[in-house]
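Right, one structure below, let's go through it.
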Amino acid sequence: MTNATPATPIAEHPRMTVVGTGYLGATHAICMAALGFEVLGLDVDEAKVAALSAGDVPFFEPGLPEKLREALDSGRLHFSTDFDEAARFGDVHFVCVGTPQQPGSHAADLRFVESAFRELAIRIDRKALLVGKSTVPIGTAARLASEIQEISPAGDALELAWNPEFLREGFAVEDTLHPNRLVFGVTTAWAEEQLSAAFRPILDADTPLIVSDLATAELVKVAANSFLATKISYINAMAEVCEATGADVTLLADALGLDDRIGSSFLKPGLGFGGGCLPKDIRAFSHRAAELGVGQAVAFLDEVDAINIRRRVRTVDLVRELAGGSLAGVRVAALGAAFKPNSDDVRDAPALDVARMLYLEGASVNVYDPEATENAHRVYPDLDYAGSLVDAVTGADVVALLTEWQEFREASPEQLGDLVAGRRVVDGRHALDADRYRAAGWEYRALGLPTVHEQVAAP
Ligand SMILES: NC(=O)c1ccc[n+]([C@@H]2O[C@H](COP(=O)([O-])OP(=O)(O)OC[C@H]3O[C@@H](n4cnc5c(N)ncnc54)[C@H](O)[C@@H]3O)[C@@H](O)[C@H]2O)c1
């Protein structure tokens, strides 16, 4: 931001609080303690705080439980529900609370963010930095920056910065300890220096740093998610064209991906994106852009969303077609509930959405997910849940692969074939070896793949 030495000294080895200890906040708190900082994690959810304090990560994230236990044993990490304690403790306070979609609107629900900033600000009476990590609509940080100074006993000494988070669930530890970039949205040299001190071990590892104004920092996050969502929906739009022409979307994706201007990552056709971030973030961005008078600039995001939702409907179509035209009474093994493998997160999960639609059309749906069954059951108690892959597929008329867990990729089509009532599979993620399944006598269907070698009608 500026090279001037800040007038107020920074805390060189800041004590940190992390407010909101969900997927993002728990990971951040644990990893910051692993890097040598003293950290206090705070959440309003007493059960979550009790679990974390006892060494249990209340969600599935590879590598995180081990890091939690190490951090607790080091004495550097504690958890609390007490905002007074947090306000006294921290030099730098990271706000990591949820920003879900508002019911009945595409806008982000900022109640939790506003409450977290307020609860800290009214209690802090000394120089400190509040850092937003939650994903928020552009303009939120600037508004909160003046609000916290108005309500805090510390007044102008309480500063605000924004540090958007790019971690991927399933790789959260690696992404937090070794991020591919850091973005600091700041308005003063002091905030930049203080935030740099909080990330010193990561910056010392030559992690690229972009220092920006607050609005740019907010925009980086939603722009990145919009780009990724667009790339996924782009190849899925091509899958729709493939379905109308007999072309093969997997070959198309391979051929496009070899062009290094395009690249193969996120160019994976299938059931599309979901989870607690991409869907709500592109909707909130679109909503916010309209408020700002630039709705047209991101109008394509509405189509990105629509393409994504159509893939779910089309997957149900494939299951119905394989079942002979009706789903009534058809036993479907739904493999996967989480929005992606290596996560137990079922927020806006395409897999569960498909399972629910199949159920509503009269299918008897048996869901199996290696990690997300408990969360899925909480959201959709009406579906049946199996305790294993074998239980799920036994007696099934159609198997639908909806989340590409390694366990499903590695399953033997011959052994599964002995368990099912009918060898019919819809591969919603292009995760199975189609040739092997066909060789084992399965009828294999996938989005964007020709079923018969049909010729498109001449133009
Ligand atoms: N999950 C991810 O992979 C990820 C990645 C990047 C950014 N984000 C963003 O991070 C934010 C948090 O996402 P998440 O997935 O961790 O959500 P989450 O729902 O898992 O966690 C949010 C936590 O905040 C707590 N909380 C709510 N109000 C609070 C308050 N006033 N004070 C203290 N705690 C409070 C909740 O109890 C919950 O534990 C969102 O804005 C999300 O878009 C998430």
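Atoms within a ligand are numbered from 1 in the order they appear, just like the ligands themselves. In this text, all values refer to a predicted model and were calculated from it rather than measured experimentally.
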#### Entry: Verdict with supporting geometry, Glu174 and Arg168, salt bridge (charged side-chain N to carboxylate O under 4.0 Å, His left out)
CA-CA 9 Å; Glu174 172 66 14; Arg168 299 162 298 166; over 6 Å; no
### side-chain hydrogen bond (donor to acceptor under 3.5 Å, both in side chains) assessment of Asp344 paired with Tyr23
CA-CA 10 Å; Asp344 64 354; Tyr23 284 92; 2.5 Å; yes
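Residues lining ligand 1 at a heavy-atom distance below 4.0 Å are given as Val19, Gly20, Gly22, Tyr23, Leu24, Leu42, Asp43, Val44, Asp45, Lys48, Phe83, Cys96, Val97, Gly98, Thr99, Phe112, Ser115, Ala116, Ser134, Thr135, Glu165, Leu167, Glu169, Lys221, Cys277, Lys280, Arg347, ordered by chain and residue number.
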Below 3.5 Å, can you tabulate the donor-acceptor pairs from side chains in residues 290-300 to any protein atom, sequence neighbours excluded?
| from | atom 1 | to | atom 2 | distance (Å) |
| --- | --- | --- | --- | --- |
| Glu291 | OE1 | Arg288 | NH1 | 2.7 |
| Glu291 | OE2 | His287 | NE2 | 3.2 |

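More than 12 heavy atoms of other residues, nucleotides or ligands sit less than 6.0 Å from atom CZ of Arg310.
By the ring pair (Phe, Tyr, Trp, His ring centres under 6.0 Å) test, His377 pairs with Tyr385, sequence neighbours left out. Scored by the ring pair (Phe, Tyr, Trp, His ring centres under 6.0 Å) test, His13 finds Phe37 as partners (sequence neighbours excluded).
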